[in-house]
Structure formats: C-alpha cells, structure tokens
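Have a look at the structure below, then the notes.
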Amino acid sequence: VSHNLRGPLTTIMGICNMLSEKHMERHEYEYFVKAILTSTHGLDNILKDLNRILSVKNNMPGKETVSFSALLDNIKNSLSHTIVSHFVTINSNFNEVDEISTVKNYLASIFQNLISNSIKYSRKNVNPVIDITSRKTPIGTDLIFQDNGIGIDLEKYGNKVFGLYTRFHKEIADGTGVGLYLVKLETESLNGSIELQSQVNVGSTFTIHFKS
C-alpha cells in the first residue's frame with residue numbers, strides 16, 4: 001500500500017516543484033497539469049480500494065436470501081456492453097442450489113470480479129466462455145467459476161494469487177491487483193473459503209465453499 005501511494009504522490013510533488021521553479025510554455029504547463037490530474041485520480045482510486053477493504057474487514061452487514069440466477073442476471077446487465085463487445089458466452093446451472101442466506105453486496109462483488117477477470121484475461125482470438133455452477137455439499141454450498149482464459153502459472157505465482165496489489169499479466173490488461181484480494185476477503189467474511197485450479201493457456205477454475 002505504501003509503495004502504491006508513494007508513486008503518484010512523488011509524481012505530484014515533483015511536478016509541483018517544477019511548476020514553481022520554471023517558466024514554461026503553455027503546452028508544457030497543460031501537459032504537467034494533465035499529469036497531476038492522472039496521478040490524483042490514481043491516489044483517489046487507491047484510497048477507494050482501501051476504503052472497500054477496511055469496510056469488509058470492519059463491518060458485517062445483515063444477511064438476506066439471495067438468488068444466484070437473479071444476481072447473475074443483474075451482473076450480466078451491468079456488464080452487457082463488455083459481454084457483447086468481447087463476444088462472451090456465460091453459461092450457468094444453479095439447479096442444485098439457487099438461493100443462500102448471505103450478504104448480497106459481497107456476493108455481487110465476488111460475481112462481478114470473477115466474471116470481469118475472466119473477460120479481461122481471455123486468450124487472444126478465443127472468445128471467452130464462462131461456466132458458473134452451484135452444488136450442494138455436506139457442509140453447505142459450492143460456487144464454481146470456470147473460464148477458458150490465459151490462466152495463471154500456479155507453480156510460479158501460487159502463493160501470491162490472492163495478494164493485495166498482485167498482478168500477473170500487466171502486458172495484457174490494466175488491472176489494479178485488488179480484485180482477487182477482495183474476492184478472498186469477502187468470501188472469508190461470509191465464512192467461506194476459495195481455491196483455484198489453473199493452467200496456462202487453458203483456463204482457470206475458482207471454487208468457493210460456503211458453509212451453511
């Protein structure tokens with residue numbers, strides 16, 4: 001967190017020093033003002049991320065009965081432009097379990113982050129396919145998110161997958177490195193656990209175990 005805050009703050013301080021010490025042409029001035037705005041937005045996004053993390057850690061909203069199918073429909077509507085533009089297919093099967101008692105906002109965040117990641121890290125020239133299923137277990141309910149994306153090298157990154165500000169594919173997409181951290185944090189806040197199976201250029205499967 002300190003590293004991520006220090007980067008844009010150092011940029012802002014450096015530009016402010018230049019603006020105070022140097023007479024510059026208007027186009028130079030405008031360039032540096034844009035750079036300040038970019039860095040300021042970067043700081044703002046980091047603080048918003050931290051606020052979300054602290055909110056999950058320190059607050060536990062009330063639970064309610066939530067339908068997986070209805071929640072997925074809402075997520076698909078909110079991501080409709082991305083789904084259409086990236087030729088995404090989302091298959092779902094909630095025949096075994098369609099409703100659980102949970103915190104709706106946390107579960108919605110889990111759905112949104114995992115689906116968005118599957119789209120963002122799809123393979124080149126391969127249309128993204130995401131399969132989401134539920135199943136009953138002796139202790140509760142499992143949710144399985146499976147995709148055909150670029151995957152993650154678990155031998156190399158296995159112990160870092162759910163770390164804060166961890167990014168594996170910087171050359172492919174501009175991720176913040178917060179999404180999977182939040183997914184794990186929200187899952188554990190709901191008395192659950194998450195595991196990942198992944199193979200490079202084959203895809204990833206996230207399995208979330210919820211206790212009744």
Side-chain angles (χ1 to χ4, degrees), residues 49 51-79 88-121 128-166 168 175 177-200 202-212:
D49 289 339
N51 185 55
R52 290 174 63 194
I53 291 166
L54 291 172
S55 177
V56 174
K57 282 180 173 289
N58 297 327
N59 300 299
M60 187 60 183
K63 293 185 176 183
E64 60 185 292
T65 300
V66 180
S67 162
F68 293 144
S69 54
L71 187 63
L72 178 58
D73 285 342
N74 290 337
I75 298 297
K76 287 163 71 174
N77 285 335
S78 69
L79 296 174
V88 181
T89 298
I90 299 179
N91 304 310
S92 62
N93 185 338
F94 302 124
N95 291 335
E96 283 197 35
V97 187
D98 188 42
E99 293 184 343
I100 62 171
S101 178
T102 188
V103 178
K104 186 175 182 178
N105 288 344
Y106 289 3
L107 189 61
S109 175
I110 291 169
F111 268 75
Q112 178 119 10
N113 273 304
L114 291 179
I115 292 171
S116 296
N117 271 10
S118 292
I119 299 172
K120 188 183 299 181
Y121 300 110
V129 177
I130 305 168
D131 296 305
I132 308 172
T133 58
S134 63
R135 68 187 176 201
K136 292 180 181 178
T137 70
I139 62 171
T141 299
D142 282 358
L143 263 179
I144 302 98
F145 294 77
Q146 184 174 20
D147 66 43
N148 63 339
I150 60 177
I152 298 172
D153 186 343
L154 295 182
E155 289 189 6
K156 187 175 181 180
Y157 299 115
N159 63 337
K160 300 179 181 178
V161 169
F162 297 102
L164 181 59
Y165 295 125
T166 300
F168 308 109
V178 174
L180 288 182
Y181 177 85
L182 270 176
V183 166
K184 185 173 186 291
L185 183 62
E186 289 162 336
T187 297
E188 292 176 347
S189 296
L190 296 172
N191 196 30
S193 60
I194 185 168
E195 61 179 289
L196 168 64
Q197 294 177 313
S198 190
Q199 189 174 343
V200 175
V202 174
S204 299
T205 300
F206 290 88
T207 303
I208 299 174
H209 308 285
F210 290 120
K211 295 180 182 178
S212 298

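Computed from a predicted model, the values in this text were never measured in an experiment.
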(request) Before giving the answer on side-chain contact (heavy atoms from CB on, under 4.5 Å), spell out for F145 and I208 the whole-Å C-alpha distance, their side-chain angles and the decisive distance to 0.1 Å. (result) CA-CA 8 Å; F145 294 77; I208 299 174; 4.2 Å; yes
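- No donor-acceptor pair closer than 3.5 Å links the side chain of S55 to the backbone N or O of N51.
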(request) Could you go through the side-chain contact (heavy atoms from CB on, under 4.5 Å) check for D147 and V129 one step at a time? (result) CA-CA 6 Å; D147 66 43; V129 177; over 6 Å; no
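- Looking at D142, its side chain never comes within 3.5 Å of a backbone N or O of T207 through a donor-acceptor pair.
- Shown here is Q197, whose CD atom has no more than 12 heavy atoms of other residues, nucleotides or ligands within 6.0 Å.
- Between the OH atom of Y157 and the CZ atom of F162 there is a distance of 16.0 Å, given to the nearest 0.5 Å.
- Exactly one residue among I144, D131, L196 makes a side chain to side chain contact (heavy atoms under 4.5 Å, CB included) with T205. That residue is I144.
- Shortest non-hydrogen contact noted between S92 and L72 is CB-CD2, 3.5 Å.
- Of all heavy-atom pairs between K63 and S101, the closest is CB-OG, 3.8 Å.
- Checking each of L107, V97, T137, I139 against F210 for a side chain to side chain contact (heavy atoms under 4.5 Å, CB included) leaves exactly one that passes, namely L107.
- Considering all non-hydrogen atoms of both residues, G140 and S212 come closest at CA-OG, 3.1 Å.
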(message) side-chain contact (heavy atoms from CB on, under 4.5 Å) for I152 and L154? Distances and angles first, verdict last.
(response) CA-CA 6 Å; I152 298 172; L154 295 182; 4.2 Å; yes
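- Contact detail for Y106 and P61: the closest heavy-atom pair is OH-CD, 3.5 Å.
- For the atom pair OG (S198) and CD (E155), the distance works out to 11.5 Å, reported to the nearest 0.5 Å.
- The distance from the CD atom of E186 to the CD1 atom of I53 is 9.5 Å, given to the nearest 0.5 Å.
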Output side-chain donor-acceptor pairs under 3.5 Å for residues 110-117, partner residues at least two apart or in another chain, one line each.
residue	atom	partner	partner atom	Å
N113	ND2	S109	O	3.1
N113	ND2	S109	OG	3.3
S116	OG	Q112	O	2.8

(request) Go through I132 and I90 one step at a time and tell me if the side-chain contact (heavy atoms from CB on, under 4.5 Å) criterion holds. (result) CA-CA 8 Å; I132 308 172; I90 299 179; 4.1 Å; yes
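- Residues T65 and I100 are not in side-chain contact: their nearest non-hydrogen atoms beyond the backbone lie 4.5 Å or more apart.
- Closest of all the heavy-atom pairs between S193 and T187 is N-CG2, 3.5 Å.
- E96 contributes atom CD, which lies 7.0 Å from atom NZ of K136 (distance to the nearest 0.5 angstrom).
- Judged purely by distance below 3.5 Å, without hydrogens or angles, the side chains of N93 and T133 never pair a donor atom with an acceptor atom.
- Aromatic rings of F94 and F68 (six-membered ring for Trp) have centroids within the 6.0 Å cut-off, being under it.
- Here S134 contributes atom OG and L143 contributes atom CG; the two are 6.5 Å apart, rounded to the nearest 0.5 Å.
- Taking CZ of R135 as the start and NE2 of H209 as the end, the distance is 7.0 Å to the nearest 0.5 Å.
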